Amino acid sequence: MIGKKMASRIKATVLSAVMTATVFISPAAYQMTQVTAADKTVNHDFVTTSSTADDATNKAKIDISGFRGATTLTFNFETDFTGDVTIGTYGNNIAEDPWWVGADTTPAVENQQSVITPKNGKFSFTYKVPASITDVVKTVGIGVWYPKDGTIVTLTTISGSGSGSTDPGTPGEQEKPVTENTKSGSWSFKDNGDGTADISSTLTAEIDDQDMDYLLTAKHDEESYIDPETGESTWQEGDPINSHKFAFSEFGLEDLTSVAIQSFNYTITSDEEISKLEYGGGINVEVESPADTEFVKGKDGYWYNDQGAEDMEKYGDKFEIEPHGGYAVNNAGTYVEVVWDVPKDVQPYVSNWVTDTVGFQFWYAQAANPPEGEDYAEVSEIHLKSASCTYTRTLTVPYNKTVNKKIGKVLTPGSDESTNQYKFSLADLGLEHRDLVSAVKFNVTSSADLTKFTGGAGISVLDTNASVSNGWFMPDSNVTVLEPEKKFEIMWIIPEKIRKDIDVISADGNLMFGAWYAGEDAPTITLDSIDFYEFISNEEDLTVEPEKIELAVGEEQELTINVPGCSFVSSNSNVAIVEDGVVKGLAVGQSNILVTTPEGQEKTIVVKVAPAPVTTVVTTVVTTTVTTTAVTTTTAPVTTVDPDEVIDWSKVLYGDVNLDKDVSISDVVKLNLYLLNPVANKINATARENAQCLYDGKVDTNDSSVLMNYCGMIITIDKLGPQEGQKVPFE
């Protein structure tokens, strides 16, 4: 029941750990610093001259607004000239009074100058940005002062480094990149005092692909493949590209409701040793949201952490959220683990479709060992070997009690199921069949400091639940905590789709905790205790009588319900409604009345409404000579049936919300529009039946999530709609 899924997880984790160990060719020390851009194309020609005019061709004010906060700027040139070149600065535009500063201004900013000999037609000039203008500089005045004979010197690219130490340190004193967002393994709990609690849990999900190897090539971005006439990309598999996009579903995140994406961790390898690596990324966001940096460019739905100088000049005032910086890692060596944070002001706008993506971008790499006789060389290719996503899920769950169970079980990480996992019998909690387990927290101690823990959790679920098979549920991704050290806690919020069907009664009901990987030295893991966040029901089992009602138009029938405070929802309020526990027939047709208790028990009442009965009136007229009997027949008005409110079972195809006889992403759009505004985006009864992708008698975001999983090829079409054992109404 557990073994097959668990075994594949453990295998992927162990192989990934082996891969990590084998590719660690040289333990390079590195530090991460913020930068604003990397190796941005300029292609400006300087033509040397003896002229000193302001518009002389040997001078130019170079826009560096995309390099906000950089402490050094490197200007990279190409030329056919083989002699010494004298190059330097002559001033700076800044974003505040006095607007222009140089050696002859007050306050003064010293100009800088260098004499450089090109090698193989290339050379670079590094400008140390004065601390007084680091955050406000907009342009740097660059001049080529020698030679003065009309030589062409082309500024090809600019790169910038951020503030902070560039001291590479020594092996054993490495400072790994650390996220500035909520860290993996964090959690929070708040008792709302009303039978609910707010619980959040931050965990990491890894892509289980031990063979991952995406070749990334600098200076070949997505934009370079856009056909200017058609606007379509001409990129084909095998063409060089500097980025790769991962769908959220690849991380096993099949449900992104109530989730905030915090950060992504990537493993990078190189065939050459790298002294400096610069990178960035992007992520899908809601279209036209404040974070949508692409909308102003005629595109939509993406946020990039860097915008080049041209973009800032053209669109900068239209960006509602200011572009953030990228990252630089010094002394990256041949193996490096890097982090990319989703800024806190962007997180609320990240799109929650499982088919949406996050992108990693390789901007620039400088070789640690340039060819003999060369002072500088670039590394053009790197390999993207692994990816993980750290996310926070926050849910309001039923809660009124916490129970701590002491365990003290020592586990040995690995693939041996007899030693790598522990099962807790849920029957030991003493719960009744309607009591709930809303969350569990595993309290763990390691025998050594850890840089990463990878394990798993699972729980027994009743076979009647359509979301699981063989009575067992495990998340679609491993449970991973980064940098947990010796003591750590893992909060697992039980998904709503299985919460009511957890097997807390039978002897077969178990909660499982497993340890797959905890480091190359395989330290032992002790499950000290488990905290159970429970909801103990105070309600009786719900009974509603009658469960089937036949009325005529205009008639009423009272329901007998044993639980007070129930709510009622009619699947067709034009046909029948419930007011104060009384069912009223309004029009000919059929409707399901969903009765829900304050604690969430549900029952469905089937209501059929027939036409009002025919009334016959007899009138007698009497005279002195003749007696005449006249009979007049009067028929009560019959309310017509709205054909849009009757299910056409010949058109029922679960998932086909737009009734085009096909299930596709357009049905997701149709369903989401209906959920946003059912009045403005009305759908008929057949479409509402088709929308019940998670067949539970109601149309809500759970149906949208299931439908998106089908469109994302995560589940098959037979998982949409009623599952085995579920009844289809009126069929």
Side-chain angles (χ1 to χ4, degrees), residues 205 245-261 282-289 291-292 294-295 299-303 347-359 389 391 393 395 466-467 475-477 495-497 571 644 647-649 651-723 726 728:
K245 290 181 176 178
F246 296 99
F248 296 151
S249 59
E250 293 182 66
F251 297 95
L253 301 177
E254 79 282 5
D255 180 10
L256 289 169
T257 54
S258 304
V259 163
I261 304 294
I283 196 166
N284 269 118
V285 295
E286 296 170 7
V287 176
E288 297 187 46
S289 69
D292 190 353
E294 298 304 283
F295 176 66
K299 307 173 187 178
D300 54 40
Y302 225 77
W303 178 84
Q347 288 179 12
Y349 305 106
V350 173
S351 181
N352 63 357
W353 291 38
V354 294
T355 52
D356 284 338
T357 64
V358 60
C389 171
Y391 64 98
R393 189 182 302 278
L395 290 175
S467 301
D476 282 354
S477 63
E496 183 180 4
K497 64 183 179 181
S571 65
D644 284 342
I647 298 174
D648 184 350
W649 292 100
K651 295 181 180 180
V652 170
L653 172 62
Y654 291 99
D656 181 19
V657 185
N658 63 7
L659 302 179
D660 66 353
K661 299 181 180 180
D662 184 40
V663 181
S664 66
I665 197 69
S666 61
D667 295 296
V668 177
V669 175
K670 184 76 172 179
L671 176 54
N672 286 343
L673 288 173
Y674 171 73
L675 293 174
L676 285 171
N677 192 333
V679 176
N681 303 295
K682 183 179 180 182
I683 59 178
N684 66 24
T686 305
R688 287 197 298 274
E689 179 68 16
N690 287 347
Q692 287 202 68
C693 299
L694 177 63
Y695 207 79
D696 56 2
K698 54 189 175 183
V699 178
D700 54 22
T701 55
N702 290 327
D703 299 291
S704 178
S705 296
V706 173
L707 184 54
M708 285 189 286
N709 284 344
Y710 167 74
C711 293
M713 296 184 290
I714 297 172
I715 61 174
T716 54
I717 197 168
D718 61 316
K719 297 298 183 182
L720 305 181
Q723 301 300 297
Q726 287 188 302
V728 179

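Values in this document were obtained by computation on a predicted structure and should not be read as measured data. The figures that follow rest on heavy atoms only: side chains count, while hydrogens, waters and symmetry mates do not.
- Not counting sequence neighbours, the partners of Asp356 by the side-chain hydrogen bond (donor to acceptor under 3.5 Å, both in side chains) test are Ser351.
- Smallest separation of non-hydrogen atoms from Gln723 and Ala466: CG-CB, 3.3 Å.
- Using a 4.5 Å heavy-atom threshold, the side chains of Asn690 and Leu720 count as separate.
- Here the CG atom belonging to Asn702 is positioned 6.0 Å from the CD atom belonging to Glu496, to the nearest 0.5 angstrom.
- For Gln347, the side-chain contact (heavy atoms from CB on, under 4.5 Å) partners two or more places apart in sequence, or in a different chain, are Asn181, Ala260, Gln262, Val342, Lys344.
- Contact between Asp255 and Ser705 at its shortest, heavy atoms only, is OD1-OG, 4.3 Å.
- With sequence neighbours left out, Tyr349 forms a side-chain hydrogen bond (donor to acceptor under 3.5 Å, both in side chains) with no residue at all.
- Looking at heavy atoms from C-beta onward, Tyr710 lies out of side-chain contact with Val668 at the 4.5 angstrom threshold.
- Judged purely by atom type and a 3.5 angstrom limit, Glu288 has no side-chain atom pairing as donor or acceptor with the backbone of Glu286.
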Tell me, with the steps shown, if Val358 and Ile261 meet side-chain contact (heavy atoms from CB on, under 4.5 Å). CA-CA 10 Å; Val358 60; Ile261 304 294; over 6 Å; no
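- From Glu254, atom CD reaches atom CE of Met708 across 11.5 Å, with rounding to the nearest 0.5 Å.
- More than 12 heavy atoms of other shown residues, nucleotides or ligands fall within 6.0 angstrom of atom CZ in Phe246.
- Minimum interatomic distance between Val699 and Ala691 (heavy atoms only, all atoms of both residues): CG1-CB, 3.9 Å.
- With contacts defined as side-chain heavy-atom distances shorter than 4.5 Å, the pair Trp353/Asn284 does not qualify.
- Taking Ile714 as the reference, Ser249, Val354, Asn709 meet the side-chain contact (heavy atoms from CB on, under 4.5 Å) condition, with sequence neighbours excluded.
- Aromatic pair Tyr695/Tyr654: centroids less than 6.0 angstrom apart.
- The stretch residues 693-722 participates, sequence neighbours left out, in these salt bridge (Lys or Arg N to Asp or Glu O under 4.0 Å) pairs: Glu602-Lys698.
- Counting all heavy atoms, side chain and backbone alike, Val657 lies closest to Ile683 at CG1-CD1, 4.2 Å.
- Proximity of Asn352 to Val259: side-chain heavy atoms (C-beta onward) are nowhere separated by under 4.5 Å.
- Remark: Asp648 engages Ser650 in a side-chain hydrogen bond (donor to acceptor under 3.5 Å, both in side chains) (not counting sequence neighbours).
- One N or O on the side chain of Asp656 and one on the backbone of Asp660 form a donor-acceptor pair closer than 3.5 Å.
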What's the verdict on side-chain contact (heavy atoms from CB on, under 4.5 Å) for Ile647 and Val652, showing C-alpha distance, side-chain angles and the deciding distance? CA-CA 8 Å; Ile647 298 174; Val652 170; 3.9 Å; yes
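- Taking all atoms of both residues into account, the shortest heavy-atom contact from Cys693 to Leu707 is SG-CB, 3.9 Å.
- Rounding to the nearest 0.5 Å places CG of Asp292 at 11.5 Å from OH of Tyr302.
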Are Val350 and Phe248 close enough, and set up right, to give a side-chain contact (heavy atoms from CB on, under 4.5 Å), and what steps lead you there? CA-CA 11 Å; Val350 173; Phe248 296 151; 4.1 Å; yes
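- Applying the side-chain hydrogen bond (donor to acceptor under 3.5 Å, both in side chains) rule to Arg393 yields no partners; only residues at least two apart in sequence or on another chain are considered.
- By the side-chain contact (heavy atoms from CB on, under 4.5 Å) test, Leu673 is found to be paired with Val669, Asn681, residues two or more places apart in sequence or in another chain being considered.
- Residues passing the side-chain contact (heavy atoms from CB on, under 4.5 Å) test with Ser664, sequence neighbours excluded: Asp662, Ser666, Asp667.
- For Glu250, the salt bridge (charged side-chain N to carboxylate O under 4.0 Å, His left out) test picks out no residue, with sequence neighbours left out.
- Looking only at side-chain heavy atoms (C-beta outward), Leu675 and Ser704 come within less than 4.5 Å of each other.
- Residue Ser571 comes nearest to Arg688 through the heavy atom pair O-NH2, 3.7 Å, listed as atom of the first residue, atom of the second, then distance.
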